[in-house]
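Comments concern the structure below.
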2 protein chains.
Amino acid sequence: MTTINPFASNVTKPTLLRLPSYLDVIQRARKEGVRRLSSAEIGKELGYGSVQVRKDLASISNAGKPRTGFDVVQLEKDIRKALGYDEQRYAVLLGVGHMGRALMNYIGFAENGLQILAGFDVKPSDDESLKDKVLPLSALSDFCAKNHVDLAILTVPAEQADNATAEIVAAGIPAIWNFAPTTIHVPEHVIVQNENIAESLGLLWYRMKTEN
Amino acid sequence: MTTINPFASNVTKPTLLRLPSYLDVIQRARKEGVRRLSSAEIGKELGYGSVQVRKDLASISNAGKPRTGFDVVQLEKDIRKALGYDEQRYAVLLGVGHMGRALMNYIGFAENGLQILAGFDVKPSDDESLKDKVLPLSALSDFCAKNHVDLAILTVPAEQADNATAEIVAAGIPAIWNFAPTTIHVPEHVIVQNENIAESLGLLWYRMKTEN
DNA sequence: TAGATTGTTAATCGATTAACAATC
DNA sequence: TAGATTGTTAATCGATTAACAATC
């Protein structure tokens with residue numbers, strides 16, 4: 001008995017985190033007119049072993065064929081689907097500071113299925129280009145009642161993180177992408193993904209100390 | 001035979017990535033006047049098991065005492081040291097776009113031992129507050145000859161990533177913190193740490209699909 | 001067909017968790 | 001001293017890598 005969809009259910013977290021790097025290699029190859037790539041070629045570009053590449057890709061695609069390698073066009077589709085980049089999702093952003101503005105201005109999110117509908121802040125934005133996309137924080141729950149919102153992007157300072165989180169939860173938004181450099185507290189059903197940028201600096205410093 | 005420094009050499013990567021979350025909990029506790037915390041209390045706040053907390057912390061500190069738990073002040077010092085936050089390191093930033101400006105304006109880096117000396121861009125910055133800290137890209141190697149630079153922060157668009165990387169390598173900077181959403185190519189001795197922000201969106205979408 | 005490359009089963013490696021002895 | 005909590009050894013779990021059979 002094979003299931004109808006053999007993929008998708010058994011993708012591990014490490015695999016999921018490597019998929020974007022495969023996507024990058026594949027997309028660049030396609031733009032250069034390459035039709036097929038072997039697992040060894042893909043791995044070499046990224047510093048992964050060919051077995052790892054095959055195992056990762058086998059869990060989300062059957063674009064690989066013995067003898068010829070992976071079909072670039074097919075594989076790109078499958079990776080984008082596995083990552084959920086093929087579906088549109090809608091976000092609001094809380095905290096229109098430097099980081100908030102950078103994210104609101106980042107064009108690449110369209111490629112990842114993310115659209116930021118509006119930014120919210122206690123202060124009105126001084127950035128001309130964003131003026132009509134930034135609303136007062138008090139308007140959040142009303143906005144969420146009138147629009148479908150899948151995700152809140154949290155870019156407030158650490159001190160305001162728990163307050164802003166409470167607003168997000170009250171507005172019924174089911175997931176938070178947390179860029180505030182602190183732990184936030186949510187009810188069980190709310191999904192939180194932390195993106196503390198400074199977090200990986202410790203790893204980098206450690207590598208700089210030990211790898212030389 | 002015990003080594004003089006029993007810590008530091010056997011810290012695993014997963015542990016290193018959890019240390020900042022411990023630091024956050026510890027610092028907030030200290031600000032509230034708390035003197036000691038047990039591994040169970042720390043773990044509860046972060047959603048880790050108490051054994052994991054003890055194992056992580058034992059690898060970098062001996063601030064834990066049976067019966068009383070962990071000394072908050074001592075532990076904070078030890079974590080900051082393990083993460084390298086106690087030493088000052090100097091960076092330049094390439095690509096003063098939205099993300100580059102956000103990083104140049106982020107005050108928190110001082111806490112992580114990071115100081116951004118200057119930004120470099122092909123175009124002069126239109127941001128008044130940064131004007132005197134942004135130099136033309138052509139001045140990079142000269143700047144690096146005159147200043148001690150440990151790290152290059154790469155915030156250029158994906159298409160310019162490999163060119164900018166070549167400049168960084170030519171200038172002799174030993175490590176790159178790569179925010180460009182693409183793979184960059186460096187000689188073996190250069191340390192690269194990738195920080196592709198959109199990368200974790202795939203994981204978030206997957207969790208949103210499966211956890212509900 | 002012969003051979004290159006895939007997908008998968010088994011072996012290894014590393015990290016987490018459980019059990020418990022050490023200790024303040 | 002008795003008991004709470006640490007640090008560590010052993011067991012489990014999960015991910016990576018090696019070996020190889022399947023297949024185009």
Side-chain angles (χ1 to χ4, degrees), chain A residues 1-3 5-19 21-22 25-26 29 34-75 78-79 82 203 206 210, chain B residues 2-3 5-19 21-22 25-26 29 34-72 74-75 78-79 82 203 206 210:
Chain A
M1 277 297 261
T2 34
T3 53
N5 180 358
F7 320 127
S9 53
N10 56 342
V11 192
T12 68
K13 184 178 164 181
T15 296
L16 223 26
L17 289 172
R18 280 188 296 268
L19 287 182
S21 63
Y22 296 125
V25 171
I26 296 294
V34 175
R35 291 277 189 74
R36 288 175 228 90
L37 283 174
S38 73
S39 56
E41 290 169 314
I42 296 171
K44 195 184 175 192
E45 177 71 6
L46 294 165
Y48 307 155
S50 70
V51 184
Q52 177 145 92
V53 174
R54 288 204 296 284
K55 202 148 214 221
D56 283 341
L57 297 183
S59 71
I60 54 114
S61 170
N62 52 14
K65 294 279 172 288
R67 185 85 223 242
T68 50
F70 290 83
D71 181 290
V72 162
V73 173
Q74 181 61 43
L75 184 56
D78 290 339
I79 296 177
L203 179 59
Y206 187 81
T210 55
Chain B
T2 33
T3 52
N5 181 356
F7 320 127
S9 53
N10 55 343
V11 192
T12 67
K13 184 178 164 183
T15 296
L16 224 25
L17 289 173
R18 279 187 297 267
L19 287 182
S21 64
Y22 296 126
V25 171
I26 296 294
V34 175
R35 290 278 188 73
R36 288 176 227 91
L37 283 175
S38 72
S39 58
E41 290 170 314
I42 296 171
K44 196 184 174 192
E45 177 71 7
L46 295 165
Y48 307 156
S50 69
V51 183
Q52 176 143 92
V53 174
R54 288 203 298 284
K55 200 147 214 219
D56 283 340
L57 297 182
S59 71
I60 55 114
S61 171
N62 52 13
K65 295 279 173 288
R67 185 86 222 245
T68 50
F70 290 83
D71 181 291
V72 162
Q74 182 61 42
L75 184 55
D78 291 340
I79 296 176
L203 178 58
Y206 187 82
T210 56

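As the structure is a computational prediction, the values presented were derived from the model and not from experiment. Proteins come first, then strands; the chains are lettered A, B, ... in the order of their sequence lines, and each starts at number 1.
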Please work out if [X] contacts a base, only the sugar-phosphate, or nothing of the nucleic acid, heavy-atom cut-off 4.0 Å.
X: B:Ser39; answer: sugar-phosphate
X: B:Gly49; answer: nothing
X: A:Arg18; answer: sugar-phosphate

Let me confirm one number: the [atom1]-[atom2] distance from [X] to [Y], rounded to the nearest 0.5 Å.
X: A:Gln52; Y: A:Ile42; atom1: CD; atom2: CD1; answer: 12.5 Å
X: B:Ile60; Y: B:Asn10; atom1: CD1; atom2: CG; answer: 11.0 Å
X: B:Ile26; Y: B:Leu57; atom1: CD1; atom2: CG; answer: 7.0 Å
X: B:Asp71; Y: B:Arg36; atom1: CG; atom2: CZ; answer: 7.5 Å
X: A:Gln74; Y: A:Ile79; atom1: CD; atom2: CD1; answer: 10.5 Å
X: B:Tyr22; Y: B:Thr15; atom1: OH; atom2: OG1; answer: 7.0 Å

Going 5' to 3' along DNA chain D, between which two nucleotides do contacts with chain A fall, using a heavy-atom cut-off of 4.0 Å?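 Contact boundaries, 5' end first: D:dA15 to D:dC24.
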Paired and unpaired positions of DNA chain D as dot-bracket, Watson-Crick or G-U wobble under 3.5 Å, | denoting a partner strand: ..||||||||||||||||||||||
Residues pairing under salt bridge (charged side-chain N to carboxylate O under 4.0 Å, His left out) where one sits in residues 55-67 of chain B, two or more places apart or in two chains, turn out to be B:Arg18-B:Asp56
For B:Ser61 and B:Asp78, work out which heavy atoms get closest and say how close. OG-OD2, 2.7 Å
If you find the nucleotide of DNA chain D closest to B:Leu57 and the one closest to A:Pro66, which residue's nucleotide is nearer the 5' end? B:Leu57
